[in-house]
Amino acid sequence: SGMVDLRELDPPAWCSSRHEDETGCNHAFVHFTDASGANQYSQCQYSNGQCVAASDKFPCPRPPSWPPPPPSPSPPSPSPPPTPLPPWSVPPVTSVSTINARFGAGHAADDLASAGVLVRVFDDLTDPARPWLPCPKDVPWLASCARFSDHFSASLIWPGHTEVYTTGRGGFVLRPEA
């Protein structure tokens with residue numbers, strides 16, 4: 001294997017950095033500038049369990065600086081962004097206004113449109129993959145909730161009653177005439 005200039009390492013080292021490695025010591029050298037400004041080198045030698053610079057010093061013209069490395073290749077062009085999903089659309093203001101008005105005017109009544117807003121909030125009695133649907137009857141591990149597949153729980157809310165039956169996973173508003 002070739003010789004290693006310990007002063008070119010990062011961080012630069014001296015022969016003493018190789019005390020634990022006889023082979024590494026004997027394949028290393030250090031370069032330095034002497035008092036007169038001349039470039040010199042000494043081979044590292046392993047002796048008595050220590051790695052030291054040999055007393056023989058040799059002139060060493062430093063090679064010219066290496067040319068700068070070529071520029072890094074340009075990073076690949078970024079992938080085009082994924083096709084955006086169609087924008088979520090807010091119900092027309094008339095629908096939101098109608099729901100808000102129904103909530104605000106809600107009161108005890110036999111007519112759902114007058115009583116407030118009927119909401120279906122997802123719970124554990126729904127299809128786990130599609131919570132807007134009831135539990136499927138043909139999935140054995142869902143048999144305990146499939147017996148409720150012919151109806152849903154819902155909550156009627158108005159300013160005097162805002163609590164809903166939920167597990168906190170979303171839901172939807174039901175039309176009173178549905």
Seminar exercise, completed: Residues at least two apart in sequence or cross-chain that pass side-chain contact (heavy atoms from CB on, under 4.5 Å) with Val164, listed by chain then number, are Val119, Val121, Ser155, Ile157, Thr166
Exercise. Taking only residues at least two apart or on different chains, which pairs with a member in residues 110-121 satisfy salt bridge (charged side-chain N to carboxylate O under 4.0 Å, His left out)?
Worked result: Arg120-Asp123
Problem set entry | Stepwise side chain to side chain contact (heavy atoms under 4.5 Å, CB included) check, Trp132 with Phe172 | CA-CA 8 Å; Trp132 57 92; Phe172 51 87; 4.1 Å; yes
Seminar exercise, completed: Heavy atoms of Ser42 and Ala53 approach each other most closely as CB-CB, 4.1 Å
Exercise. Are Cys51 and Cys44 close enough that their SG atoms are less than 2.5 Å apart?
Worked result: no
Problem set entry | Partners meeting side chain to side chain donor-acceptor pair (under 3.5 Å) with Ser36 (sequence neighbours left out) | Asp34
For this session: Using modelled atom types only, decide if a donor and an acceptor are shared between the side chain of Ser17 and the backbone of Trp14 within a distance under 3.5 Å.
Result: yes
For this session: Kindly say whether Asn39 contributes a backbone atom to a donor-acceptor pair with the side chain of Thr33 at under 3.5 angstrom?
Result: no
For this session: Please answer: with hydrophobic residues joined when any side-chain heavy atoms are less than 4.5 Å apart, are Leu9 and Val30 in the same cluster?
Result: yes
Exercise. To the nearest 0.5 Å, how far apart are CZ in Phe29 and CE in Met3?
Worked result: 6.5 Å
For this session: Mind checking side-chain contact (heavy atoms from CB on, under 4.5 Å) for Ser55 and listing every partner two or more places apart, or none if nothing turns up?
Result: none
Problem set entry | Side-chain donor/acceptor of Gln43 to backbone N/O of Asn26, under 3.5 Å | yes
Exercise. To the nearest 0.5 Å, what is the distance between CD1 (Ile99) and CZ (Arg175)?
Worked result: 11.0 Å
Problem set entry | Euclidean distance, His27 NE2 relative to Glu22 CD, rounded to 0.5 Å | 10.5 Å
Problem set entry | Any donor-acceptor N/O pair, Tyr46 side chain to His19 backbone, under 3.5 Å | yes
For this session: List in chain and number order the residues that pass salt bridge (charged side-chain N to carboxylate O under 4.0 Å, His left out) with Arg102, two or more places apart in sequence or in another chain; answer none if no residue qualifies.
Result: none
For this session: Quick one: list whatever passes side-chain contact (heavy atoms from CB on, under 4.5 Å) with Ala154, sequence neighbours left out.
Result: Leu118, Leu174
Seminar exercise, completed: Leu156 and His161 have their tightest heavy-atom pair at O-CD2, 2.9 Å
Problem set entry | ILVMFWY cluster, Leu133 and Phe122 together (side-chain gap under 4.5 Å) | yes
For this session: Measure the spacing between CD of Glu20 and CD of Gln50 and express it to the nearest 0.5 Å.
Result: 10.5 Å
